[in-house]
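Everything quoted here is computed from the prediction, not taken from an experiment. First the proteins, then the strands, lettered A, B, ... as listed; each starts at 1.
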2 protein chains.
Amino acid sequence: MPRRADHAARRATIVEALWRVLARHGIAEVSVRTVAAEAGMSPTAMRYYFPTRDDLLATAMTHTLERGTARVRPLLEAARDRAGVERVYLEMLPTDEAQRTEQEVYLAFAGLARTSPRLQEISEDAGVRIRRVARVAVEILQASGELDPGVPPGAAARCLDSLVQGLTFQSATWPAAFDAERIRRTLRDFLDGICVSPPDRSGPGRP
Amino acid sequence: MPRRADHAARRATIVEALWRVLARHGIAEVSVRTVAAEAGMSPTAMRYYFPTRDDLLATAMTHTLERGTARVRPLLEAARDRAGVERVYLEMLPTDEAQRTEQEVYLAFAGLARTSPRLQEISEDAGVRIRRVARVAVEILQASGELDPGVPPGAAARCLDSLVQGLTFQSATWPAAFDAERIRRTLRDFLDGICVSPPDRSGPGRP
DNA sequence: TAGTTTGTGGTACAGCCGTGCTAGGACGCG
DNA sequence: CGCGTCCTAGCACGGCTGTACCACAAACTA
């Protein structure tokens with residue numbers, strides 16, 4: 001064993017092991033021992049990097065949040081129109097297997113948040129960030145002129161936000177009914193409802 | 001102790017004790033012993049009515065679902081217009097303390113469902129019922145002529161359903177940000193978006 | 001080479017978990 | 001009265017939990 005281990009790397013592998021256990025067996029199976037076994041080390045070795053279980057969970061939750069932010073932020077900054085907004089939310093919603101896992105982890109943490117003040121705080125932060133995405137998305141639609149002028153922007157942002165959270169929850173709870181196709185469709189349904197019809201791509205628009 | 005206890009009543013008090021523990025301390029604190037203590041009896045006495053923990057959870061989940069159905073069904077059958085639909089969903093959403101508790105219980109069960117096949121089955125059933133409510137609600141809006149003709153009914157139902165689930169989840173996760181007022185407002189926002197403007201109650205409508 | 005730091009494994013402890021077992025009290029029926 | 005059924009309480013068991021403690025190997029420092 002080398003004298004100096006790469007702490008960041010070790011912590012990352014442990015967090016990833018926790019993700020795997022969480023996604024596979026649910027939060028109830030996440031214990032110091034199961035995660036350590038998944039990471040291929042002894043519980044004591046793990047405790048060297050995460051002294052308590054709370055540390056482990058808080059760090060894992062923070063990592064999850066930051067990973068999501070890192071993936072979504074560039075898409076959000078690049079978005080200029082409805083298509084860009086759709087790309088943002090397709091990245092946040094469980095539309096492929098990796099996303100599904102990540103959203104399940106997210107929901108498990110959300111459910112766990114009421115347990116510990118630290119997790120509560122992180123969850124609070126996540127909520128603020130997610131709501132901000134919806135507001136910015138609607139601003140983008142406004143700037144591109146695609147938002148229906150009859151729709152109040154605040155209302156659109158609130159609805160979009162709740163709709164997306166609902167889809168995430170439903171996909172985790174009833175995966176058979178809420179597959180990727182249905183998620184994409186529902187998102188499009190909603191955007192259709194708040195956007196004006198596109199400026200005539202092919203063929204005649206409506207009179 | 002009387003020779004014959006009222007089984008139904010005993011089971012009901014136990015289920016209610018479980019609800020209280022669940023709402024107060026979260027699912028992690030729900031054990032045979034804590035629920036028995038909350039119900040004021042010994043764990044063994046409780047085990048007479050619910051042989052295993054799984055029985056207890058499955059029964060509690062079924063009771064929760066049926067209680068909700070019993071409360072919502074008459075409202076749904078009585079609903080004839082948008083106001084009626086709003087009443088239905090205000091009864092389903094956590095707009096008062098009792099509803100909040102019930103929705104927290106519901107979410108905890110949803111998260112727990114992946115644990116046991118029985119709970120999975122009950123959750124599946126709940127999902128079907130909830131989706132049915134959204135479909136019927138949109139049919140009512142259609143029948144009353146309030147649904148905007150430009151909005152596809154299927155899309156409206158899907159969005160309404162996901163929106164409501166999202167509000168429920170958000171209210172449980174971020175209670176400070178999603179209070180009853182915000183829930184009512186968001187529901188109204190969405191219905192405004194899919195309904196035609198009402199036939200001029202007071203003052204001039206839009207030109 | 002000697003010593004200190006850094007990382008790791010094994011073991012142990014108290015506490016909670018679900019559940020099985022056993023004994024006995026309270027009542028209805030004969 | 002006495003028997004049998006219904007209900008309740010206590011206890012014990014194996015297993016899992018988080019965490020503390022201790023011994024030890026590897027590598028850098030002097």
Side-chain angles (χ1 to χ4, degrees), chain A residues 1-18 20-22 24-61 108-109 111-119, chain B residues 1-18 20-22 24-61 108-109 111-119:
Chain A
M1 303 86 180
R3 192 180 167 233
R4 294 216 164 260
D6 185 339
H7 276 223
R10 283 258 195 253
R11 290 167 72 94
T13 60
I14 294 169
V15 166
E16 280 161 27
L18 180 125
R20 285 196 298 275
V21 175
L22 190 49
R24 199 162 354 116
H25 303 298
I27 190 69
E29 295 296 318
V30 171
S31 76
V32 175
R33 292 188 229 280
T34 54
V35 173
E38 178 75 27
M41 58 178 66
S42 84
T44 320
M46 202 174 81
R47 238 174 78 79
Y48 185 78
Y49 300 97
F50 298 102
T52 74
R53 183 175 188 262
D54 214 58
D55 289 321
L56 174 59
L57 289 175
T59 306
M61 192 166 172
F109 278 135
L112 209 58
R114 57 162 45 229
T115 300
S116 123
R118 278 176 74 181
L119 296 185
Chain B
M1 304 88 175
R3 194 178 165 234
R4 295 216 165 260
D6 185 340
H7 277 225
R10 282 256 196 254
R11 290 167 71 94
T13 60
I14 293 169
V15 166
E16 280 161 28
L18 183 136
R20 285 197 299 274
V21 174
L22 190 48
R24 200 164 352 119
H25 304 297
I27 190 68
E29 295 296 317
V30 171
S31 76
V32 175
R33 293 191 228 284
T34 55
V35 173
E38 178 73 27
M41 59 178 67
S42 83
T44 321
M46 202 175 82
R47 244 171 66 80
Y48 185 80
Y49 302 97
F50 298 103
T52 74
R53 183 176 189 259
D54 213 59
D55 288 322
L56 175 58
L57 289 175
T59 306
M61 191 165 174
F109 278 135
L112 209 59
R114 58 162 45 225
T115 300
S116 124
R118 278 176 75 183
L119 295 185

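Residues forming a side chain to side chain contact (heavy atoms under 4.5 Å, CB included) with Arg24(B) (at least two apart in sequence, or on another chain): Arg20(B), Glu38(B). Under the rule for a ring pair (Phe, Tyr, Trp, His ring centres under 6.0 Å), the partners of Tyr49(B) that lie at least two apart in sequence or sit in another chain are His7(B).
When each of Pro43(A) and Ser42(B) is assigned the nucleotide of DNA chain D bearing its nearest heavy atom, the one mapping closer to the 5' terminus is Ser42(B).
Taking a 4.0 Å limit (strictly below) on heavy-atom distances, residues 46-55 of chain B reaches DNA chain C at Arg47(B), Thr52(B), Arg53(B).
Of the side-chain N and O atoms in His7(A), none sit less than 4.0 angstrom from OP1 or OP2 of dT6(C). Between Thr44(A) and dG7(C) there is no side-chain polar atom (N or O) within less than 4.0 angstrom of OP1 or OP2. Checking the phosphate oxygens (OP1, OP2) of dC16(D), no side-chain nitrogen or oxygen of Arg33(A) falls inside 4.0 Å.
Across every non-hydrogen atom of Ile27(A) and Leu112(A), the tightest pair is CD1-CD2, 3.6 Å. Residues Arg53(A) and Val30(A) come closest through the heavy atom pair NH2-O, 3.1 Å. Considering all non-hydrogen atoms of both residues, Leu18(A) and Phe109(A) come closest at CD2-CZ, 4.0 Å.
Residue Leu56(B) contributes atom CG, which lies 13 Å from atom P of dC17(C) at whole-angstrom precision. Atoms CE (Met41(A)) and P (dG7(C)) sit 12 Å apart, rounded to a whole Å.
Distances from the side chain of Ala45(B) to the nucleotides dA9(D), dT17(D), dT19(D) place dA9(D) closest.
For the pair Leu57(A) and Arg118(A), the minimum side-chain heavy-atom distance is 4.5 Å or more.
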